[in-house]
Amino acid sequence: MQAIREAQTAKLVAGAAGLGVVLSAGQAEHLLVLLDELDDWNQRMNLTAIRDREQQIAKHLLDSLSIHAFLRGKHIADIGTGAGFPGLPLALVNPDRDFTLLDSTAKKLRFVEHAAAKMGLTNVTTEHARAEVFKPKERFDCVLARAVGPIETFVHWCGPLVVGGGRLLAMKGRFPEAEIAAIPTGWKVAAVHRLSVPTLDEERHLVEICRSHDRV
Ligand code: SAM
């Protein structure tokens with residue numbers, strides 16, 4: 001078992017390094033603890049369809065960390081976080097930023113709170129709300145979403161949550177040409193980043209969206 005854990009740690013550390021994220025031994029262990037807890041809770045509730053550990057490392061941990069370089073500002077929100085992706089891995093490697101992880105399903109947030117405590121995170125808060133009616137006390141510098149629907153909907157729901165000059169970051173698979181064409185008036189694409197997630201042979205793109213009048 002120890003050898004398996006060490007191999008998983010090595011894979012995670014090497015993969016993160018490929019994304020420009022230097023993980024300490026403690027951080028790598030905390031990320032694997034997140035997967036351990038996910039496996040445990042998954043026996044009682046359906047949190048993820050990805051059960052294979054290698055796949056979990058690639059599709060949950062490394063995929064989440066792949067957008068680390070594109071975060072900006074201090075206040076970050078992850079909308080439709082589900083079991084905490086990408087929010088929990090990003091919160092772990094960004095201790096100086098605060099993360100609000102929002103979902104409309106309370107039981108998923110119970111897992112997120114449990115996992116955040118197990119990971120020793122003090123920069124994560126949860127919000128049980130529907131994104132389209134969420135009224136934060138303070139708006140966010142950056143609002144992220146993975147697998148929460150088309151960009152058009154994301155902008156309608158989450159545009160009002162972003163400060164002036166802030167960014168919406170939509171994590172996508174293939175280049176989302178049709179979704180980009182449908183971006184609502186008042187918003188524009190600041191950049192599309194093609195991402196390469198180590199050990200994952202799938203296309204990934206990050207669409208960075210800002211207000212039309214913002215300087216890119
Ligand atoms: N972001 C996670 C990931 O990539 O693993 C979860 C993606 S899951 C496909 C979509 C999540 O969005 C679910 O957890 C669901 O409860 C949440 N969700 C769907 N509609 C929502 C809404 N209107 N407001 C907030 N959360 C919503």
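One-based numbering, in listed order, for ligands and for the atoms of each. Keep in mind that the numbers below use all heavy atoms, side chains included, and drop hydrogens, waters and symmetry copies.
Remark: minimum distance from atom 8 (S) of ligand 1 to any protein heavy atom is reached at Ala147 O, 3.8 Å. Protein heavy atom nearest atom 23 (N) of ligand 1, with residue, atom name and distance: Glu132 OE1, 2.8 Å. Summary of contacts: the protein heavy atom closest to atom 5 (O) of ligand 1 is Arg146 NH2, 3.0 Å. The protein heavy atom nearest to atom 24 (N) of ligand 1 is Ala131 N, 2.9 Å. With hydrogens left out, the protein atom closest to atom 27 (C) of ligand 1 is Ser104 OG, 3.3 Å, a heavy atom. The protein atom (non-hydrogen) at minimum distance from atom 15 (C) of ligand 1 is Asp103 OD1, 3.5 Å. Scanning the protein for heavy atoms near atom 12 (O) of ligand 1, the closest one is Gly80 CA, 3.4 Å.
The aromatic ring centroids of His75 and Phe140 lie 6.0 Å or more from each other.
Side-chain atoms of Glu127 and Thr100 form no donor-acceptor pair, as typed in the model, at a separation below 3.5 Å. Donor-acceptor pairing under 3.5 Å is lacking for the side chains of His128 and Asp103.
Not one N or O of Asp78 is nearer than 3.5 Å to an N or O of ligand 1, by distance alone. Taking distance alone, with nitrogen or oxygen atoms compared against 3.5 Å, Phe85 approaches ligand 1 more closely than that limit.
Nearest heavy-atom pair, Val155 versus Pro160, reported as atom, atom and distance to 0.1 Å: O-CD, 4.0 Å. Arg5 and Glu29 make their closest contact through NH2-OE2, 2.8 Å (heavy atoms, listed as atom of the first residue, atom of the second, distance).
Side-chain contact check for Arg204 versus Arg194: every heavy-atom pair is 4.5 Å or farther apart. Annotation: side chain of Glu208 is not in contact with side chain of Val216 (no heavy-atom distance under 4.5 Å). At a threshold of 4.5 Å between non-hydrogen side-chain atoms, the residues Ile57 and Gln8 count as touching. Side-chain contact check for Leu169 versus Val207: every heavy-atom pair is 4.5 Å or farther apart.
Ligand 1 places these atoms under 4.0 Å from at least one heavy atom of Trp157: 22 (C), 23 (N). Near Gly82, meaning under 4.0 Å from any of its heavy atoms, are these atoms of ligand 1: 6 (C), 14 (O). Atoms of ligand 1 found under 4.0 Å from any heavy atom of Lys108 (numbered from 1 in listed order, with element): 13 (C), 14 (O).
A heavy-atom separation below 4.0 Å is not found between Phe134 and ligand 1.
Contact annotation for Met171 and ligand 1: no heavy atom of the residue comes within less than 4.0 Å of the ligand. Contacts with ligand 1 closer than 4.0 Å are made by backbone heavy atoms (N, CA, C, O) of Ala129 only, the side chain lying farther away. Only the side chain of Leu102 comes within contact range of ligand 1, with a heavy atom under 4.0 Å; no backbone atom does.
Taking the six-membered ring for Trp and thresholds of 30 and 60 degrees, Phe85 and His60 have nearly parallel ring planes, at less than 30 degrees apart.
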